[in-house]
Amino acid sequence: MAPSNGPRSGKNTKPSQRTGNLKRKRVEEDLSSLVKRVEDLDLKGKFEAFSDLPLSEPTISGLTSSHFKTLTDIQSRAISQALKGRDVLGAAKTGSGKTLAFLVPILESLYRKQWSEHDGLGALIISPTRELAIQIFEVLRKIGRYHTFSAGLVIGGKSLREEQERLGRMNILVCTPGRMLQHLDQTAFFETHNLHMLVLDEADRIMDMGFQKTVDAIVGHLPPQRQTLLFSATQTKKVSDLARLSLQDPEYVAVHEAASSATPSKLQQHYIVTPLAQKLDILWSFIRSNLKTKTIVFLSSGKQVRFVYESFRRMQPGVPLLHLHGRQKQGGRLDITTRFSQAQHAVLFSTDVSARGLDFPAVDWVIQLDCPEDADTYIHRVGRTARYERDGRAVLFLDPSEEKGMLTRLEQKKVTVERINVKANKQQTIKHQLQNMCFKDPELKYLGQKAFISYVKSVYVQKDKEVFILKELNLENFAGSLGLPGAPRIKFIKGDDTKERKNASRATAYVSSADEGSDEDGGKKKPKEKEVRTKYDRMFERRNQDVLADHYSKLINDDGTIAAPSRTVEDADEDDDFLSVKRRFEAGDKDLGARSESESDAASDSDEEVEGEMKGPSSGAKVVKISDKDTLVIDSKRREKLLKSKKKLLKFKGKGTKLVYDDEGNPHEIYEMEDEDAFKARGDAKEQQARFLAEEVQRTQMADMEDKAVAKQKKREKKEKKKARERELNAEEEREEAVAQLVPYDEDEGMADNYSASSSEETEAPRPSKRAKVQEPEQIPWYKQEKKKPASGERQIQTLEDLESLATGLLG
Ligand code: ADP
Ligand code: MG
């Protein structure tokens, strides 16, 4: 046994033979007394503190120095059962301390068996995500620091060969299913026949469809005689699952089964009902008015995460923004989770990759911008806040079409949410800013298009059709709210005009898909005029233009004419309630337009049948004639100012026609001055005009196709570059790892010294710039985020390799 204080068995100063013998004897005595205490343990007893349980000294010391003293309910019941060697099905709310409930029994079990390096793998912990695996590993490292076991992470992200070399030496492994199976199948000397404990954290997720086969295959490699522990916040007792895992008479430990709510009691849960097209406005307003908080925003896809992150970042809200999704590289993901953990104020945009199990300290808000696929996902997402006796708040954004269905689902799972409204004076509209940014930056526009498509697809593939009704969503407005000129075409949508779309040229790629909604009135949608779309599209593809996209989109109708804001008096009445939560114009602007574009979105969200029609000017908006042909809608103070500047007004006037004057001083169109015969010879004037227009359209289409080809080529090059970079990085990592392995572990010096020695070496050695970026010198593990510096005796963890090498050193 390795006692917590006093001489460690691995000390360099050689203990005399006699002391050694004495020590061994004492260890043996302690061990047999511990085994006896476990045998005598009365499972009906009440255990309040870790010290009430029969735990080994190294475990108690590890817990004490990590400041864990009292037991949570799940810990009290699950640990006592597991100590007795029983299989356990543990279900308890998020943040209730399930991690320790399985880590402590693992350490104890191996300790009582006096597990050593030569016994091989003793315990395997499976986690659904890499991030969670890392966190579990961190906790294991903390509380297991006085044990002599070795522990490793098997989560991919680096070369298989490297991991293979380490595997044989590990006693405890924390893994993700895919990578683990790869090793079980491919690593020659990786023996699991000795395995004594299997743990599945977030078991319901691991046992669900996505991982089913992998987990079955892993279990196939493990000996059936083992102890199995399953933990989750939303666990079901599916008999088939239990059979698959060959659980033996498992003890079902569900501490919150009788609770009135499935979520933590200190969690305040709200929802707001908002049309899809207004989500981003509200999110932005929320972030702007909550700069001093730590928030996680959940979105349905990585592409959405990227777009919202990239666009919000450019608008500089005044709080650090981070983003996390499954397609980021491992190093980056680890860096982001660490940074978010340490941050006092930050917003993390994330997919469900962080919905499960992750323990970020002190998260104030969880915002679900996109509706979760089911109530369980909801519970896991909100569980990122209000962890372990802390407060937390959660807001769910629901489109009116999702409200009824989702609330029913939540109710069925004992989740109570309270409706709240958005504060009028805090509401801001960012649609125009987004349009402007997308207009000037095609890359952002591209991200927006991807985000749009992935969102629509995510709704389309949802199983619960009572909650997710694609038809009900106003996609055209949603695309507009992302700053896009129109809704990108999506292939899977079956509608009246799918065929037409297929036949349409590539130049019309942004044909609206809002027809989903219009199908309802049975009306066949008129195909849009190609010319208009092309022109519109062209506008958005131009770079470095000062013509503001928002003005343009506000003013141009589908048929290319200049339009007033699409409002009717009836609409205004219907939306009284909505208007009351919006800030538009200060007092004194009464005669100006009372609405912004986003408001008209909201209105048309609810009255889709008028969508697409040209609507008269709203009661308050002023339409001013600025030339014979051109009009300008005055719906804001800025617009009114425009009227004072002739120069600025030029932008809103159509292009002039070139006139020539005859000898009498009369103006003529240029063609009139041509040789009339020659002109007529070319055909009728009208025909000539039509021909010219057709040619121009074709030219634009060609240009558009060329642009797209260039973009494609660029994308390909970027991809190749990225691959090359990755290859380089891998090679670097391998080299570094080799160097790291040369640094000897000096047990006499203790962990802190060892680390500082190796870390100073690291700082002296020239580091590749890529890695330097990931390894910020001030990084400290997230669980110590309040302390400025790591306590002495603790190492700083900066990369996965650090984590692993640290654990092999500490536990082994
Ligand atoms: P769960 O897995 O149930 O969601 P975790 O195991 O991640 O919860 O624990 C949530 C938080 O509670 C963590 O920050 C952890 O450090 C803390 N915690 C767990 N057990 C205890 C305890 N016995 N005493 C104090 N804090 C605890
Ligand atoms: Mg957990």
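Given the structure is predicted, the values throughout are model-derived calculations rather than measurements. Just so you know, ligand 1 is whichever comes first in the structure, and atom 1 is the first atom listed for that ligand.
- Looking from atom 6 (O) of ligand 1 to the surrounding protein, the closest heavy atom is Thr99 OG1, 2.6 Å.
- For atom 12 (O) of ligand 1, the closest non-hydrogen atom on the protein side is Tyr388 CB, 3.0 Å.
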Does the side chain to side chain contact (heavy atoms under 4.5 Å, CB included) test come out yes or no for Leu83 and Leu55, once each step is laid out? CA-CA 9 Å; Leu83 284 177; Leu55 301 179; 3.9 Å; yes
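- Taking distance alone, with nitrogen or oxygen atoms compared against 3.5 Å, Asp359 approaches ligand 1 more closely than that limit.
- Taking each heavy atom of Leu103 and Ile136 in turn, the nearest pair found is CD1-O, 3.8 Å.
- Between Phe190 and His183, the angle of the ring planes goes over 60°, which puts this pair in the perpendicular group of the 30/60° scheme.
- For atom 4 (O) of ligand 1, the nearest protein heavy atom (residue, atom name, distance) is Gly95 N, 2.7 Å.
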After noting the C-alpha distance and the side-chain angles of Val319 and Asn290, does the key distance pass the side chain to side chain contact (heavy atoms under 4.5 Å, CB included) rule?
CA-CA 9 Å; Val319 60; Asn290 288 279; over 6 Å; no
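- Tested against Gln328 for a side-chain contact (heavy atoms from CB on, under 4.5 Å), the candidates Leu334, Val353, Ile336 yield a single pass: Ile336.
- Residues passing the side-chain contact (heavy atoms from CB on, under 4.5 Å) test with Arg387 are Thr94, Asp359, Arg384, sequence neighbours excluded.
- Where the criterion is an N or O separation shorter than 3.5 Å, residue side chain and backbone included, Thr94 fails it with respect to ligand 1.
- Remark: ligand 1 and Ser96 share an N or O pair separated by less than 3.5 Å (distance only, no angle test).
- At the top of the distance list for atom 7 (O) of ligand 1, counting protein heavy atoms only, stands Arg387 NH2, 2.7 Å.
- Under a 4.0 Å N-O distance rule, the pair Asp352/Arg381 qualifies as a salt bridge.
- Distances from atom 9 (O) of ligand 1 to the heavy atoms of Gly97, Gly90, Ser232 put Gly97 nearest.
- Asp370 meets the side-chain hydrogen bond (donor to acceptor under 3.5 Å, both in side chains) test with Lys279, Ser300, Gln304; sequence neighbours excluded.
- If you check which protein heavy atom lies closest to atom 3 (O) of ligand 1, you get Lys98 NZ, 2.8 Å.
- The shell of residues lying under 4.0 angstrom from ligand 1, judged by heavy atoms, includes Lys93.
- Nearest protein heavy-atom contact of atom 20 (N) of ligand 1 is Gln75 NE2, 2.8 Å.
- Ring planes of Tyr111 and His147: perpendicular class, angle over 60° (limits at 30 and 60°).
- In this structure, Phe231 falls outside the shell of residues with a heavy atom less than 4.0 angstrom from ligand 1.
- Counting protein heavy atoms only, atom 23 (N) of ligand 1 is closest to Thr70 O, 2.7 Å.
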